[in-house]
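Notes follow the structure.
Just so you know, these numbers use all the heavy atoms, side chains as well, and skip hydrogens, waters and symmetry mates. Since this is a predicted model, take the numbers as computed values, not measurements.
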Amino acid sequence: MPLPDPAPAPPAEAVAPLMRGVAVLHRLTEANGVLSLSALERATGLARSTVDRIVATLARMGYVRLDGRDATLTPRVMELGNAYLAALRLPALLSGRADALADELDESVSLAVADRDGIRFVHQATRRRAMSLSFRIGDLLPAERTAPGPLFATEWTTGEWRTWRARRQRDPQNRGFPTVPPAQEPPGGTAAPDDFERRTTEAARAGYALDDQLIEPGLVAVSVPVRDPRTARIACVASVVSHTSRHTAADLRDTLLPRLRTAVATMEEDLRQAPPAEPGPTRSGLAIWTGASKQELGREFVESLARGLTVLTAFGEGRAELTLTEVAKATGLARATARRALITYEHLGLLTSAGAAGEGPAHRAFALTPRVLSLGFPPLSRTSLPQIAIPHLRALTDDIQETTSLAVLTESGDEIQYTARALAHHVMSVDVRLGARLPAGRTTTGRLLLETTPAPATPTAPADPAPALPPAPYTVTDEELEQGVRAIAVPIHDRTGRVIAALNAATHVARRTTEECVRDILPALRSTASRIETDLHTAARFTRVPLT
């Protein structure tokens with residue numbers, strides 16, 4: 001996060017435990033998703049007992065897990081950022097166009113929105129190369145060191161320019177932006193960060209902007225604004241990003257800018273023709289769940305934190321702006337509880353409101369800001385299916401005391417590849433090597449995948465709904481690959497219901513009969529598959545989740 005102005009005192013009605021919980025999520029996000037509890041104590045300045053209670057509450061909500069003495073963000077926390085992205089609608093409406101442009105140009109393409117005097121990415125279509133881009137969805141960059149920044153700055157008010165200048169004076173090297181290296185004059189570049197006002201004037205005249213190695217040497221980009229057809233203001237900025245071994249900044253302008261402008265015109269037409277969003281179902285039972293959790297866990301569960309976080313999930317597609325009454329109805333919270341959470345989030349900059357000065361929360365409509373993406377989204381936006389599955393496999397192996405693994409079909413469709421595993425501790429156990437490929441027809445995972453997958457799955461998600469064969473409930477193989485090995489597998493489905501992977505457990509025939517595998521192991525396999533799918537579906541809503 002950028003270095004802030006001296007923080008104004010929180011309103012009297014702000015929820016202190018909610019503010020502390022948000023601070024913990026911020027620190028975990030800045031640490032790339034993992035911090036020890038003692039490091040969290042130091043980073044937040046909170047008492048250790050307070051950190052323990054906050055982490056226990058976040059763990060109960062599924063937002064973090066405890067790995068020994070470390071707190072680790074889980075894919076479930078992405079539902080907070082998903083609420084913002086769904087309410088925004090731009091990724092859903094424009095990501096297909098951005099992906100197509102990336103394929104056409106064979107360069108990375110991104111969509112960014114303004115976040116005060118910075119920018120945040122809301123979609124990335126990256127190219128897989130040895131020299132690749134590391135920016136993630138939700139990463140915050142200083143406006144003056146990007147190509148989108150000058151375009152957004154063309155719409156800044158006098159007060160916003162004043163805020164930017166004050167921040168530049170406090171933090172001239174952008175050390176408050178952990179996702180970028182400290183600012184310095186780029187060798188060979190044509191502009192410096194302090195030249196931002198001139199570049200903004202030029203962007204207003206030309207209708208595009210360049211980044212000539214402002215982030216770091218070698219990185220170049222060209223950007224064009226995508227305007228909201230209702231207001232003519234900038235809804236987001238589309239960028240083509242490359243490096244100087246492929247293009248100079250001038251080359252991007254001369255050769256790729258016309259194609260970017262054509263794509264942007266199509267995006268604006270998509271926005272013009274988009275029908276109004278239909279609101280989906282709300283999660284009104286959350287208030288009951290938080291109450292039950294408090295009854296079960298006692299003082300270790302910070303109910304005001306859990307209830308406050310549920311307020312963010314009230315927003316989404318078709319619910320971009322909500323009044324206090326609508327938030328209370330969507331969450332099942334009392335109006336007074338919802339009101340205090342809204343006041344807290346407005347103070348923290350996670351919500352903005354529309355209404356006359358002096359109006360109370362009851363008379364205003366609220367909307368999420370891009371800063372919601374700072375609550376855990378960036379470290380998880382490039383997670384893979386094996387990374388999602390591994391913690392669940394370890395828990396499953398501990399439960400059933402058998403080796404478990406995850407496998408996918410290879411591109412040829414006649415082999416499976418093991419992508420994750422958890423080894424059981426037996427003198428004689430099944431040894432499955434990560435990355436190993438085996439004939440699909442002779443393995444339990446391969447047989448299941450062949451029966452349920454109409455075509456080899458592609459290693460990305462989300463995907464458009466595709467027809468799939470009815471999934472088999474499970475598959476068992478008995479000494480078919482190797483003497484003494486008995487295995488049982490269940491499918492893993494993506495958001496569209498398509499089978500994309502298989503989860504299995506393997507044992508020695510002397511340890512369990514086939515009937516015992518079905519009776520004792522199958523229920524645990526199915527429960528674990530369901531938990532993996534829940535995390536996968538959350539992570540894949542607005543990001544690509546590689547299968548390997």
Residues D494 and T496: side-chain donor-acceptor under 3.5 angstrom: yes

Set of side-chain hydrogen bond (donor to acceptor under 3.5 Å, both in side chains) partners for Q417, sequence neighbours left out: none

Partner set under ring pair (Phe, Tyr, Trp, His ring centres under 6.0 Å) for F121, not counting sequence neighbours: F135

Test side-chain hydrogen bond (donor to acceptor under 3.5 Å, both in side chains) applied to S384 - qualifying residues, sequence neighbours left out: Q387

N-O pairing of D67 and R65 below 4.0 Å: yes

Close side-chain approach of Y63 to L309, heavy-atom, < 4.5 Å: yes

Non-neighbouring partners of T29 that pass side-chain hydrogen bond (donor to acceptor under 3.5 Å, both in side chains), sequence neighbours left out: none

Residue pair H26 / S374, side-chain donor-acceptor N/O under 3.5 Å: yes

Sequence neighbours excluded - salt bridge (charged side-chain N to carboxylate O under 4.0 Å, His left out) pairs with any residue from residues 44-64: R48-D52, R60-E296

Heavy-atom donor-acceptor pair, T74 side chain to G62 backbone, under 3.5 Å: yes

Matching residue for H392 among T528, T534, D535, T397 - test: side chain to side chain donor-acceptor pair (under 3.5 Å): D535

side-chain hydrogen bond (donor to acceptor under 3.5 Å, both in side chains) against D414, all qualifying residues, sequence neighbours excluded: S412

Distance-only donor-acceptor check, side chains E107 and S242, under 3.5 Å: yes

Exam field: side chain H537 to backbone H493, donor-acceptor pair closer than 3.5 Å: yes

R319 side-chain N/O to G280 backbone N/O, donor-acceptor pair under 3.5 Å: yes

Heavy-atom donor-acceptor pair, R20 side chain to T44 backbone, under 3.5 Å: no

Any donor-acceptor pair under 3.5 Å from T383 side chain to L380 backbone: no

Donor-acceptor contact below 3.5 Å, side chain E533 vs main chain S530: no

Smallest separation among heavy atoms of P17 and V302, with atom names: CB-CG1, 3.6 Å

Flag, side chain of D171 to backbone of G176, donor-acceptor distance under 3.5 Å: yes

Pair E402-R512, salt bridge (Lys or Arg N to Asp or Glu O under 4.0 Å): steps then yes or no: CA-CA 10 Å; E402 300 291 356; R512 298 180 194 260; 3.0 Å; yes

